[in-house]
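Report on the following structure.
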Amino acid sequence: MLNLAVFASGRGSNYEAIQQEIDKGNINGKVVCVVSDHASPGVFDKAKSRDIPTHSINRKQFKSGDDYVEKLLNTLANYQTDFIILAGYLKLIPAPLVNTYKHKMINIHPALLPNFGGKGFYGMNVHRAVVESGINVTGVTIHYVDEHYDNGNVILQKEVKVEPSDTPEIVAGKVLKLEHKYFPEVVRLLCNNKIKIINNKVVIENE
Ligand code: GRF
């Protein structure tokens, strides 16, 4: 059983989707804690309803960047964290965490990277930019985390059509459906050790 730490800033619907698959016994892992940069995000209520510990950890609470990083690393170590799952986490991950959890930290992005990603591309900003661009396909990207926003090795991408009449809200709804389907699936594969890095490329092994 692998130990998963979820990092999230918002309402936590992706956390919930993962947790539901864990509850059904479909994932060989358990969420050991939920960490947020916010004081009391919606995701904390979802975690607390399952008695999962929550931690609000923000750079502003600490005198130095080193203290902040130490707090994050100690918290993760206390739970013997195997994997970090970024599920709508809006802060850049400090380099020491990226190094400690190299290829053990994944993120979900609500577009087809490398398009519509990077600093400032989060939440509805992404879907507004997609609609404004006139592009007819968007989707979801699940990828490993490195020290840049939305930049690490891609694990999985799934597409969905954008119709000419789609508003950003409609696109967000379509993409969210994909997120809830495929993020738990990637977490499942991760916990089954089916995702490998070979020659700096992601390989998903057959089951
Ligand atoms: C999702 O669209 C995710 O892709 C993005 O932030 C959103 C989080 O939604 N990174 P939720 O908090 O999981 O509902």
Side-chain angles (χ1 to χ4, degrees), residues 4-23 27 29 31 33-50 52 54-58 83-93 97-98 101 105-132 135 137-162 166-188 190:
L4 310 173
V6 172
F7 279 38
S9 301
R11 68 193 157 183
S13 70
N14 276 288
Y15 159 71
E16 183 64 28
I18 292 166
Q19 189 67 74
Q20 281 178 12
E21 288 307 300
I22 290 173
D23 293 349
I27 293 177
V31 178
C33 66
V34 175
V35 173
S36 185
D37 53 315
H38 289 182
S40 55
V43 67
F44 277 8
D45 298 331
K46 292 183 167 75
K48 282 173 184 158
S49 74
R50 288 187 169 86
I52 307 281
T54 59
H55 296 273
S56 174
I57 304 175
N58 190 298
F83 290 112
I84 302 175
I85 313 295
L86 306 188
Y89 186 67
L90 297 180
K91 287 275 178 279
L92 193 65
I93 300 294
L97 253 80
V98 173
Y101 291 91
M105 180 168 11
I106 65 172
N107 179 44
I108 188 158
H109 184 75
L112 297 173
L113 293 174
N115 296 323
F116 306 107
K119 198 168 165 49
F121 280 106
Y122 61 87
M124 286 306 292
N125 293 352
V126 176
H127 306 300
R128 266 193 293 273
V130 163
V131 168
E132 275 165 24
I135 209 162
V137 60
T138 186
V140 60
T141 304
I142 299 164
H143 64 94
Y144 284 110
V145 175
D146 67 11
E147 58 271 41
H148 306 288
Y149 280 113
D150 303 326
N151 191 63
N153 292 96
V154 170
I155 300 171
L156 187 91
Q157 292 189 301
K158 291 287 170 184
E159 297 180 355
V160 66
K161 261 194 108 197
V162 180
D166 281 356
T167 61
E169 288 72 22
I170 291 174
V171 173
K174 288 180 175 179
V175 172
L176 199 62
K177 259 195 192 165
L178 288 182
E179 296 186 48
H180 293 168
K181 180 166 178 197
Y182 290 104
F183 208 16
E185 173 59 9
V186 168
V187 173
R188 188 183 72 77
L190 207 57

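Ligands are counted one by one from 1 in listed order, and the atoms in each one are counted from 1 as well. Counting begins at 1 with the first residue of the sequence.
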ask   = Just by distance, do the side chain of Thr54 and the backbone of Phe44 share a donor-acceptor pair under 3.5 Å?
value =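 No.
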note = Within the heavy-atom cut-off of under 4.0 Å, ligand 1 is lined by Arg11, Gly12, Ser13, Asn14, Gly88, Ile108, Pro110, Glu179
task = Return the minimal non-hydrogen interatomic distance between Pro110 and His127, and the atom names on each side.
result = O-CE1, 3.4 Å
request  = Test Glu16 against every option in Arg11, Lys46, Arg50 by the side-chain hydrogen bond (donor to acceptor under 3.5 Å, both in side chains) rule and name the one that passes.
outcome  =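 Option passing the side-chain hydrogen bond (donor to acceptor under 3.5 Å, both in side chains) with Glu16: Arg50.
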task = Can you sort out the partners of Tyr89 under ring-ring contact (aromatic ring centres under 6.0 Å, His included), two or more places apart, ordered by chain and number?
result =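 For Tyr89, the residues satisfying ring-ring contact (aromatic ring centres under 6.0 Å, His included) (neighbours in sequence not counted) are Phe7.
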query = Do other residues, nucleotides or ligands put more than 12 heavy atoms under 6.0 Å from Phe83 CZ?
reply = yes
ask   = Which of these passes side chain to side chain contact (heavy atoms under 4.5 Å, CB included) with Gln157: Leu113, Leu178, Ile142, Val140?
value = Leu113
